[in-house]
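These numbers come from the heavy atoms of this one structure, side chains and all, not from hydrogens, waters or symmetry mates. In this text, all values refer to a predicted model and were calculated from it rather than measured experimentally. Just follow the structure's listing: the first ligand is 1, and inside any ligand the first atom is 1.
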Amino acid sequence: MHYRPTDSQPLQPLMPFSGNPLDRASNFRDDDAWVAQQLAAPQSRFLWVSKLEILTHQAATPTLAWVDAEANRELDLESTPVLLGVRDGVAHFAVDVSAIEGPLERLGLQGAAFAEPRGLATTLPAGEAGIVAQARSLLDWHARHRFCGACGGETVPAMAGSSRVCQACGTHFFPRIDPSVIMVVWRDDRCLLGRRRGRPPGSFSCLAGYIEQGETIEEAVAREVQEEATVPVDAVSYEASQPWPFPSTLMIGCFAHAASEDAMADQLEIEEVRWFSRAEVRGALAGDPQTGLTIPAPVAIAHHLIRRWSELES
Ligand SMILES: [Zn+2]
């Protein structure tokens with residue numbers, strides 16, 4: 001078999017949206033007295049999120065703009081802060097302030113603004129984008145799960161916001177993560193990339209799709225490649241993963257070895273599939289316009305998977 005596993009990958013370099021430095025305090029968050037103490041502690045830090053945009057200091061290099069417990073109390077919020085974790089003994093919370101009109105103006109906060117998370121992933125200091133991913137996914141989940149799927153009753157946050165409980169029937173609900181596979185399909189010295197419907201000519205990326213019920217990662221990779229490009233896959237290797245908080249996907253990055261070269265786009269999600277040589281991919285990554293190939297920006301795991309494949313020896 002023409003399959004060559006790559007070296008296992010260490011945690012460095014950090015994938016955008018990863019590297020969250022907080023200790024998630026799993027063993028403490030169901031202790032109501034401890035949580036109440038942290039919510040009131042003057043040193044605790046609160047990250048405001050409005051309509052899923054994150055409060056950041058506006059500077060050449062943005063940073064997360066945390067407010068203290070006193071500023072947070074002044075907003076007089078109805079929404080419960082959710083615990084993100086603890087660092088150096090200081091609790092960190094995320095707070096949905098979407099219901100408040102002009103929270104920054106009300107408290108006279110200057111030099112800070114709400115920013116779209118996608119743009120923050122590669123501009124925040126290492127690790128802070130991991131906090132953004134956690135906060136955005138968690139608050140979005142709370143906003144979408146206000147009612148019980150079993151009885152229709154109202155749910156309320158529990159365990160410092162790491163779950164919700166139905167007030168009518170007592171069912172507990174936990175935040176979901178949606179696993180998705182994303183892969184570089186390869187054979188010999190070439191890789192197969194796809195152009196999604198609506199993307200401009202020359203704009204290619206990895207094939208990808210959500211894992212379905214009762215499926216392994218390897219089976220999902222093979223099914224997606226067969227569906228989107230009619231290519232049979234005979235070996236799959238895991239490469240890297242990335243949290244993608246829109247709203248709560250875990251991208252599982254793989255290399256997939258193609259058993260044959262015949263490829264045809266499904267014309268549904270994928271308009272065009274094409275084999276590219278390693279030299280073409282290296283050229284595109286170096287910004288050579290003559291390749292006519294554009295690959296995704298470094299915010300996306302697709303960029304890193306394609307780059308890693310391109311750096312392998314032929
Ligand atoms: Zn219920």
Side-chain angles (χ1 to χ4, degrees), residues 17 20 22-41 44-55 67 69 72-86 91-101 103 114 117 130-181 209-217 219-220 241-252:
F17 289 125
N20 185 341
L22 301 178
D23 172 346
R24 293 176 187 236
S26 311
N27 297 337
F28 294 98
R29 60 197 183 196
D30 56 353
D31 179 343
D32 292 341
W34 180 85
V35 173
Q37 206 176 11
Q38 303 310 314
L39 282 168
S44 290
R45 306 173 90 193
F46 296 81
L47 183 64
W48 287 351
V49 181
S50 180
K51 300 178 177 68
L52 300 177
E53 295 193 332
I54 314 291
L55 191 62
V67 303
N72 197 61
R73 262 194 306 277
E74 279 182 40
L75 262 198
D76 195 20
L77 286 160
E78 282 187 17
S79 68
T80 311
V82 300
L83 180 69
L84 298 173
V86 176
H92 293 61
F93 294 87
V95 192
D96 189 348
V97 299
S98 304
I100 306 272
E101 278 299 318
F114 291 102
I131 297 174
V132 169
Q134 182 191 10
R136 190 190 190 283
S137 288
L138 200 49
L139 291 180
D140 185 70
W141 178 80
H142 279 284
R144 290 169 190 259
H145 291 79
R146 294 182 297 121
F147 297 96
C148 175
C151 80
E154 201 171 333
T155 64
V156 292
M159 293 171 64
S162 61
S163 73
R164 295 184 74 87
V165 62
C166 174
Q167 290 186 298
C169 74
T171 302
H172 274 270
F173 297 92
F174 295 92
R176 288 183 46 171
I177 295 167
D178 301 318
S180 173
V181 288
Y210 283 103
I211 298 179
E212 297 196 350
Q213 295 72 29
E215 215 174 26
T216 65
I217 292 171
E219 288 168 338
S241 64
Q242 181 189 35
W244 189 248
F246 306 99
S248 197
T249 297
L250 175 65
M251 307 294 294
I252 301 169

Contact check, side chains of V49 and L55, non-hydrogen atoms, under 4.5 Å: no
In chain order, what residues pass the side chain to side chain contact (heavy atoms under 4.5 Å, CB included) check against [X], with sequence neighbours excluded?
X	answer
R73	A69, E70
S162	R29, M159
N72	F46, W48, V67, L77, P81, V95

Compute whether any side-chain donor of one residue and acceptor of the other, for R164 and H142, lie under 3.5 angstrom apart. yes
Any idea how many protein N, O or S atoms are nearer than 2.8 Å to the Zn ion (ligand 1)? 4
Looking at D96, is its backbone amide N or carbonyl O close enough to the side chain of S79 to form a donor-acceptor pair, meaning the two atoms are under 3.5 Å apart? yes
